[in-house]
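What you see below is based on every heavy atom in this structure, not just the backbone, and it leaves out hydrogens, waters and symmetry mates. Please read all numbers here as calculations on a predicted model, not as lab measurements.
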Amino acid sequence: MSHHYTSPIREPLVEGNKTYHDITDDIAKATEGSIKPLWLVALLVCATIGLWGILNILYTIWYGIGVWGLNKTVGWAWDITNFVWWIGIGHAGTLISAILLLFRQRWRTGVNRAAEAMTIFAVMCAAIYPGIHMGRIWLAFFIFPYPNSRGPLWVNFNSPLLWDVFAISTYFTVSLLFWYTGLLPDFATIRDRARGLRRKIYNVLAFGWTGTAKQWERFESLSLVLAGLATPLVLSVHTIVSFDFATSVIPGWHTTIFPPYFVAGAIFSGFAMVLTLMLITRKLLNLEEYITIGHIESMNKVITLTGSIVGVAYITELFIAWYSGVLYEQYAFENRIFGDYWWAYASMMTCNVISPQLFWVRKLRRSVAFTFFLSIVINIGMWFERFVIIVTSLHEDYVPSSWLYYSPTWVEVSIFVGTMGIFMTLFLLFARFFPVIAIAEVKSILKVGGDQYIAEYARQDKAEGRGWVDGSYGAAAAGMASPKSPKDADYDKH
């Protein structure tokens with residue numbers, strides 16, 4: 001008797017025995033109907049916080065950065081800490097969209113749309129800081145690459161700050177194209193369900209999409225091209241941000257491990273923020289059958305991997321500082337652990353290295369409440385990481401007479417909280433007027449990822465004597481009804 005191994009069929013990515021029409025109804029209904037009071041209250045609160053942040057930005061521009069807690073030693077602090085943190089938050093969107101698309105990972109379809117939107121909004125929040133931290137905001141004009149016809153000025157192309165301009169603007173442009181292109185079929189679906197002014201607005205947004213075979217062919221080709229462009233950007237953007245530090249000669253910054261370490265940390269924090277937002281959205285919009293426990297577990301596995309890489313980077317930094325024999329480098333890391341900011345370093349290590357290892361336990365990895373809690377913990381830890389790198393490396397330099405302790409002022413804290421308000425305001429508007437899950441992409445995996453089809457495959461394998469069914473899906477395989485007949489006309493139309 002011949003023996004062969006048949007791998008278990010994966011966990012369903014679409015639950016609830018859905019048809020194509022059900023998918024359209026469930027996801028599009030969040031954009032339809034009257035505005036819910038809870039959403040309106042949340043929008044007003046977030047918009048108020050965002051407005052407070054904008055007022056503090058204007059206050060900073062009017063009075064100068066003397067209203068911040070910066071001093072003669074710590075010239076970068078909350079401004080650049082928050083800049084790097086927001087850029088990191090934006091990393092997961094392009095990773096989920098581009099790299100997982102190229103690797104044909106189907107579980108991305110439940111979370112990619114919101115992750116792409118998160119990327120756009122996070123980069124917009126990050127872009128605020130490079131301008132205002134210059135003190136005189138009109139100086140931001142001089143970081144852009146343009147030939148000067150009014151004097152001897154020419155942009156310094158060797159400056160890492162100019163690299164930031166190129167990297168972030170390119171990243172934002174490609175991410176925006178990727179996000180909007182993916183929305184076109186869904187805009188057309190909502191347009192065909194709408195009436196009056198809403199129909200006209202979504203018709204403009206859909207750019208004349210009718211769902212012909214030629215349009216789908218071009219849509220898929222463009223998606224792959226943009227994915228190919230975006231993939232190196234995922235690696236390059238935070239690598240270039242790390243060069244702001246690594247190309248300097250300051251102890252604690254001048255290290256070659258920063259590029260891969262920053263990239264892994266960005267993906268780590270970005271996935272955590274995606275989970276924070278999607279778990280709230282999943283509950284409020286009743287999308288549990290499209291953002292399943294399987295999706296959550298897959299993302300937690302990525303968090304565990306990238307968190308482990310970040311932990312190795314931390315340990316490598318400490319080892320190289322000791323092995324180098326350079327007293328200044330050794331003191332920089334000793335000061336991080338035992339100095340005035342020991343509490344920030346302890347928070348960083350606890351949140352970023354120890355807490356993600358709890359996801360090795362399958363029960364915790366699949367727990368919605370625990371995942372939500374830990375996603376917030378990780379983002380707090382990643383903020384502390386940037387704070388530790390920047391402030392503790394600066395506040396005690398080569399000259400003891402210039403050593404100073406840095407504390408943020410209410411203006412700095414208000415600007416940071418305000419950017420969070422701006423971010424959440426944009427995300428709430430997105431969740432109300434745009435489909436938060438890619439309708440067309442979920443439909444594309446229904447027949448290979450829907451629970452009713454998986455159950456049917458299970459029955460076929462069982463009938464043919466292949467006992468692949470494990471404990472998790474045995475009940476589903478035995479008890480599911482035969483697949484419903486999908487409303488193909490609805491799918492073909494949209």
Side-chain angles (χ1 to χ4, degrees), residues 53 56-57 60 65 67-71 73-91 122-135 160-161 164 167-168 237-246 248 250-253 255 258 261-266 268-270 272-273 310 313-314 317 332-333 335-336 339-352 376-397 404-423:
N56 278 275
I57 290 170
T60 299
I65 57 173
V67 298
W68 293 357
L70 303 179
N71 51 56
T73 305
V74 183
W76 283 2
W78 269 52
D79 48 350
I80 304 301
T81 297
N82 298 332
F83 163 69
V84 179
W85 188 76
W86 276 119
I87 288 292
I89 293 298
H91 249 59
V123 173
M124 290 169 66
C125 291
I128 294 170
Y129 286 99
I132 62 173
H133 97 283
M134 293 181 177
L161 297 179
D164 280 342
I168 294 166
V237 169
H238 226 55
T239 296
I240 289 171
V241 170
S242 76
F243 287 168
D244 293 346
F245 307 97
S248 71
I250 295 174
W253 288 5
T255 171
F258 266 19
Y261 157 28
F262 268 51
V263 170
F268 180 55
S269 61
M273 183 60 87
V310 168
Y314 293 164
E317 278 190 312
F333 284 89
N335 186 45
R336 285 184 184 180
D340 293 336
Y341 293 101
W342 65 269
W343 47 269
Y345 189 82
S347 301
M348 176 190 83
M349 295 296 285
T350 304
C351 296
N352 296 346
I376 295 173
V377 168
I378 288 168
N379 271 310
I380 292 171
M382 288 307 294
W383 187 91
F384 273 114
E385 178 205 282
R386 279 64 180 250
F387 181 82
V388 165
I389 289 172
I390 293 168
V391 175
T392 63
S393 300
L394 292 174
H395 87 111
E396 292 187 1
D397 58 9
L404 285 172
Y405 189 83
Y406 162 79
S407 296
T409 64
W410 63 271
V411 180
E412 289 170 283
V413 176
S414 297
I415 291 174
F416 179 50
V417 173
T419 58
M420 288 186 173
I422 294 169
F423 177 82

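Distance alone, capped at 3.5 Å, is enough to place a donor-acceptor pair between the S269 side chain and the A266 backbone. A donor-acceptor distance shorter than 3.5 angstrom exists from the side chain of E412 to the backbone of G69, with no hydrogens or angles considered. Proximity of a side-chain donor or acceptor of N335 to a complementary backbone N or O of F333 within less than 3.5 Å is not detected.
Evaluation of the side-chain contact (heavy atoms from CB on, under 4.5 Å) rule for A122 yields W86, I89, F423 as partners, not counting sequence neighbours. Considering only residues two or more places apart in sequence or on other chains, E317 meets the side-chain hydrogen bond (donor to acceptor under 3.5 Å, both in side chains) condition with none of them. V67 pairs by the side-chain contact (heavy atoms from CB on, under 4.5 Å) definition with Y59, T60, Y63, V411, not counting sequence neighbours. Under the rule for a side-chain contact (heavy atoms from CB on, under 4.5 Å), the partners of D397 that lie at least two apart in sequence or sit in another chain are T73, V399, S402, W403. For T350, there are no side-chain contact (heavy atoms from CB on, under 4.5 Å) partners, not counting sequence neighbours. In this structure N352 satisfies the side-chain hydrogen bond (donor to acceptor under 3.5 Å, both in side chains) test together with Y314, sequence neighbours excluded.
Note: S407 OG to L70 CG = 11.5 Å, rounded to the nearest 0.5 Å. Between the CD1 atom in I168 and the NE2 atom in H238 there is a gap of 9.5 Å [rounded to 0.5 Å]. A distance of 4.5 Å separates CD1 in I57 from CD1 in I128, rounded to the nearest 0.5 Å. Atom CE of residue M348 and atom OH of residue Y341 lie 15.0 Å apart, to the nearest 0.5 angstrom. Expressed to the nearest 0.5 Å, how far CG of N82 lies from CZ of F416 amounts to 4.5 Å. To the nearest 0.5 angstrom, I250 atom CD1 is 10.5 Å from I390 atom CD1.
In this structure, the side chains of W253 and L394 come closer than 4.5 Å at one or more pairs of heavy atoms. Using a 4.5 Å heavy-atom threshold, the side chains of R336 and S393 count as touching. Contact check for V310 versus E385: side-chain heavy atoms found under the 4.5 Å cut-off. With a 4.5 Å cut-off on side-chain heavy atoms, F245 and I80 count as touching. Between I415 and I132 there is a side-chain heavy-atom pair separated by less than 4.5 Å. T239 has its side chain within reach of F243: a pair of non-hydrogen atoms, C-beta onward, lies under 4.5 Å apart. Residues L404 and V74 are not in side-chain contact: their nearest non-hydrogen atoms beyond the backbone lie 4.5 Å or more apart.
A ring pair (Phe, Tyr, Trp, His ring centres under 6.0 Å) with W78 is found for exactly one of W383, W68, W85, Y129, namely W383.
In terms of heavy atoms, C351 sits closest to G381 at CB-CA, 3.4 Å. A pairwise comparison of heavy atoms in H133 and I65 identifies O-CD1, 4.1 Å as the closest pair. Across I240 and A167, no two heavy atoms sit closer than the pair CD1-CB, 3.6 Å.
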Please step through side-chain contact (heavy atoms from CB on, under 4.5 Å) for the pair Y345 and T392, ending with a clear verdict. CA-CA 9 Å; Y345 189 82; T392 63; over 6 Å; no
Check the pair D244, F262 against side-chain contact (heavy atoms from CB on, under 4.5 Å), reporting the backbone distance first and the verdict last. CA-CA 12 Å; D244 293 346; F262 268 51; over 6 Å; no
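Between W343 and F384, the ring planes are perpendicular. Angles over 60° get that label, and only those under 30° would be called parallel. Taking the six-membered ring where the residue is Trp, Y261 and F258 present perpendicular rings, their angle passing 60° and hence far from 30°.
In this structure, Y406 has its ring center no closer than 6.0 Å to that of H395.
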